[in-house]
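Each remark here refers to the structure printed beneath this line.
Fair warning: this is a prediction, and the values are worked out from it, not measured in the lab. Chain identifiers are assigned alphabetically (A, B, ...) following the order of the sequence lines, protein sequences preceding nucleic acid strands; residue numbering begins at 1 within each chain.
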2 protein chains.
Amino acid sequence: MAAPARPTYAVIAKTAGVSEATVSRVLNGDDSVHPERARRVQEAVDKLGYKKNRVASALASGRTGLIAVVIDDDLSVFADPFYGTVTSGVSRILMENGLQTVLMVSPVGSLDGSVAHYLKSGEVDGAIFFALHSDILINSLKKLGLPLVITGTPHSSSDVAFVDTDNFGGGHSATKHLMSNGAKKVAIITGDIGTTAAKQRLDGYLQAYRESGHVPAKGLICEGDYSFEAGKAHCEKLLDAHPDVDGIFASNDLMALGALTVLRDRGIAVPEQVRVVGFDDSLIAQTSAPALTTIRQDVVALGEAAGSLMIAQLNGQDWEPVILPTELVIRASA
Amino acid sequence: MAAPARPTYAVIAKTAGVSEATVSRVLNGDDSVHPERARRVQEAVDKLGYKKNRVASALASGRTGLIAVVIDDDLSVFADPFYGTVTSGVSRILMENGLQTVLMVSPVGSLDGSVAHYLKSGEVDGAIFFALHSDILINSLKKLGLPLVITGTPHSSSDVAFVDTDNFGGGHSATKHLMSNGAKKVAIITGDIGTTAAKQRLDGYLQAYRESGHVPAKGLICEGDYSFEAGKAHCEKLLDAHPDVDGIFASNDLMALGALTVLRDRGIAVPEQVRVVGFDDSLIAQTSAPALTTIRQDVVALGEAAGSLMIAQLNGQDWEPVILPTELVIRASA
DNA sequence: ACTACCCGCGAAACCGCTTTCACGGATTCA
DNA sequence: TGAATCCGTGAAAGCGGTTTCGCGGGTAGT
C-alpha cells in the first residue's frame, strides 16, 4: 500500500537495456548517444512516468535549479504591488526554464546575515535582488561567481546585470507633458533620493526644464519618500510657498494621490488650476478622482527581463543591462 | 586561487577526532553523544566555519527544507498587495525555522500540471496554497501525506489545515455599523461568489439584517467580483433601482472605491446621504476621499499563521484551523 | 596491412550527509 | 560471578543522479 516508489535510473536502465550513464546522457541532452538507444531510453522513461529527482541531481551536478529572489527589506516593502508583480514575472520566466524561485524577504544589510549565508552556501544557482539598499553584498557575491541580477540601477557601476525602467525618460516626458499643456511653474516631489530611480526621475525633470529654456524656481524641488503622507505634506508646503504653482510631477502615484487630496481639500481645480502627473500607473492611478495622468512602467516586463537576464547568465550567453521604456498615460489630471 | 573548498564532515570528523556519524549526530541535535565529544565537534565546526550542505542533507534524509507557496492564478493575482503581504509573512516564519519559501505562481487546475508534478515529486516538504480555485489537487496531495496549509476556507470540509480571516464576523460588523448609524436600506456588493470569503461576508451581512428584524429588499444584494469596475457598475444600478439606499457594504475596498466614485459623480454626499463600508483596510482605504471606513484584516498575521501551521505539521504537533478576528476601522465614509 | 584516432558506451567513483547495524565495554540483575 | 541489558560509537551502506576514465570496434591515414 506504500506509494509506488518512483523509478530511478537503475530501473530505467534495466528496462531500456542500457547503462545508467547512458540514461543520464539521454536525459541531459547529450547528443553522442545512438538515436536508437536514445529512443529506447525515452520509451522507458515515458512508460514508467519517470521524473528526475532534482535533489540527487543537484548533489551530483552542483546545480540546484533554484534562483533566489531577494527583497532587501522587512515585510512592508512587499506590500507594494510593484514587487509582487515583478516577482511573478520573474517566477514565470524561471519556471519556463525549469528553475524554481526561492523567495527571501529580509533586510540584507551585512555580509553575514542569514540571507548572505544562504546565498553563499551554494544552495541557489543565482540571485535576483530587489530594492537593494547597498552594493556591498553584491560585490562579495560577485566574487564568488554567483550569477546576479539587480532590478533597479545599481549605485556603483560594477559590471552586474541589471534591469530598470527608463526613469530619466519617464521624468522627462512627464515634465514635458505638463509644460506643453501650458504649465509654467512645474514642481517635482521626488522619491527617496537615496534610490537611483528617484534620482533619475529628477534628472529627467531637470532636463525637461533645461530644454524649455527656463530654470525651476527655488523650492520647486521637494524631496519626498514615495509615501502618501509625503505627497500631502509637500503639496501643502508648495502651495503655501508658491501659490502660482501650476504643475506637479510626483515621482510615484501614491504621492500624486496625496497631492490630489490636498488640492481637492483646498478647492483647487485639477487640472484647470494645477496639473498633476504621477509615475507607475498603478491601480490607484486609475481609480483616483480625477483619474491620474501618469508614466506607466511595465512591471511584468521588468520581472521577465530580470528572469531572462538570469537565464542568459546561466547559459553563459552575453547579456547587457535592460532599460525598459515608459509610456505617458494621459487621463484627467493633466 | 580556487575558492577555499567548503569543509565536509570528513574534515570536521578528523579535526575533532571522531567519526562522521558522530558529527552528524551532534549537528542534528542527537543528545546521545558524550558532552565532551560534542563540544569537540562544535569547536571544529566553529573553527572551520562549517555550514551544512543542504542539498546533500536533503538527498540523504529526504527532507529538502523547502516549502512551496502556490498561488493559483496567473500573474494578475499577485499584483494584489494582499498576496504579497501574506507571502512575506509566511516567508518570515519559515525562515525563522530554517525553511525556505519556493514561490510558484501558476494556474493550478489539473492534477498533472507542472506545479502538481513538482509538488508530488518530493522536492518540497510541504505546500501552502493561496487563492485556491478547486480542492481537487489538495485531496490528491493529501493522500501522498504532504503537509498542506490553505489560506482561505476550503470548499470541501476535508481535514486540511487552513487559516482564514473571520469573514463572517467582518461582514456582520460592517453591516451592523451601517445600521447602527441610522442606515435603513443597506446594500451589499459581494465579491466573487465562487470564493468562500465572499460567501461568508455575505452571510455576515444577512445575519446582521436578521438581527435587525428586517429583511434586505430584493435587489440589495449585488453579486460583484472584487473589481473597481464591478463596484462602479453595481453602485450605478443600485442607485437607479433603489434611490433610497443609504448604506453600502462592499466586500473589498476596491469595490467600495468604485462606489465612492459613482456617488461623487452623482453628487451624493458620503456619509450624509449614503454610508459606505469596505473590507480589507488596504492602502486605498486610507487614501480615498472621503477616507474609507472598512473592516481591517491582519494580513501579515494571516501569513504568519499559515507558516506556523506548516511548522506544526512538520513537527508532528497538533494543530487546528486558525480564524483571525477582524477590526472595524472607522474613518469618514460611514 | 599496420598504426593512429575517434566514437559510443559501460563500469565505477563520486557528490556530502544520514542512518542502520553491530561491537565493545560498562551496568544491572539474579 | 555469570548472563542479560544498555549505551555510546564507528564502519559502512545507502540516497539517486553525474562524470570521468578507459575499453573495444570502426574509420582514416600511410
Would you give me the side-chain donor-acceptor pairs under 3.5 Å for residues 94-105 of chain A, sequence neighbours excluded?
from: A:Glu96; atom 1: OE2; to: A:Arg92; atom 2: NH1; distance (Å): 2.7
from: A:Asn97; atom 1: ND2; to: A:Ile93; atom 2: O; distance (Å): 2.9

How is [X] classified with respect to the nucleic acid when contacts are heavy atoms under 4.0 Å: base, sugar-phosphate, or nothing?
X       : result
B:Ser24 : base
B:Val18 : sugar-phosphate
B:Val33 : sugar-phosphate
A:Arg37 : sugar-phosphate

Problem - Heavy-atom side-chain contact between B:Val90 and B:Phe130 under 4.5 Å - result: yes
Exercise for the section: Please check the phosphate of D:dG10 (OP1 and OP2 only) for any side-chain N or O of B:Ser19 closer than 4.0 Å. Expected result: yes
Handout entry: OP1 or OP2 of C:dT19 under 4.0 Å from side-chain N/O of B:Arg63
Key =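 Answer yes for this pair, as a side-chain N or O of B:Arg63 is under 4.0 Å from OP1 or OP2.
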Handout entry: Charged N-O contact under 4.0 Å between B:Arg39 and B:Glu36
Key =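 Yes.
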Handout entry: A:Arg25 side chain, from C-beta outward: closest of D:dC21, D:dG8, C:dC17
Key = D:dC21
Completion exercise
One would report the end-axis bend of the helix from C:dA1-D:dT30 to C:dA30-D:dT1, five pairs per end and rounded to 10 degrees, as 30°
Exercise for the section: Mind jotting down which residue pairs meet the side chain to side chain donor-acceptor pair (under 3.5 Å) criterion with at least one end in residues 22-32 of chain A? Sequence neighbours excluded, please. Expected result: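 Pairs touching residues 22-32 of chain A that pass the test: A:Ser19-A:Thr22, A:Ser24-A:Asn28, A:Asn28-A:Lys52, A:Asp30-A:Ser32.
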Handout entry: Earlier contact from the 5' end, DNA chain D, for B:Ala56 and B:Asp31
Key =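 Of the two residues, B:Asp31 wins.
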